[in-house]
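Report on the following structure.
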Amino acid sequence: MEPDLAELESDIAAIKIDIAVLKATSATKADLAVVRTEIADLRTAIAEAKSAIIMWVMGAIFLAQLLPIFSKLLIK
């Protein structure tokens, strides 16, 4: 009986250490809120970057359509 009790006590001590480690390394609600905010900010930044890229490409296509017209005007 005495060896079993000693084994249980050592197991309980190991469980306490494991629980302490889990508490120290687990995320809290505040941590998750920060991550959600950062993800929302990243999504906004990506959407803005996509819009800027689309505007630059459309502008380049528009200017490419005007270049032949300007070159004809300059040659005359």
Handout entry: Between T28 and D31: side-chain donor-acceptor atoms closer than 3.5 Å
Key = yes
Exercise for the section: Report yes or no: does D18 contribute a side-chain atom to a donor-acceptor pair with the main-chain N or O of I15 at less than 3.5 Å? Expected result: no
With rounding to the nearest 0.5 Å, note down the distance linking [atom1] in [X] to [atom2] in [Y].
X   : Y   : atom1 : atom2 : answer
E38 : R43 : CD    : CZ    : 13.0 Å
I19 : I12 : CD1   : CD1   : 10.5 Å
L67 : L74 : CG    : CG    : 10.0 Å
L8  : S10 : CG    : OG    : 7.5 Å
L66 : I61 : CG    : CD1   : 12.5 Å

Fill in the blank from the handout: Note: L32 and A27 closest approach over all heavy atoms is CD2-CB, 4.3 Å
Exercise for the section: Report yes or no: do I53 and M58 belong to one cluster of Ile/Leu/Val/Met/Phe/Trp/Tyr joined by side chain heavy-atom distances under 4.5 Å? Expected result: no
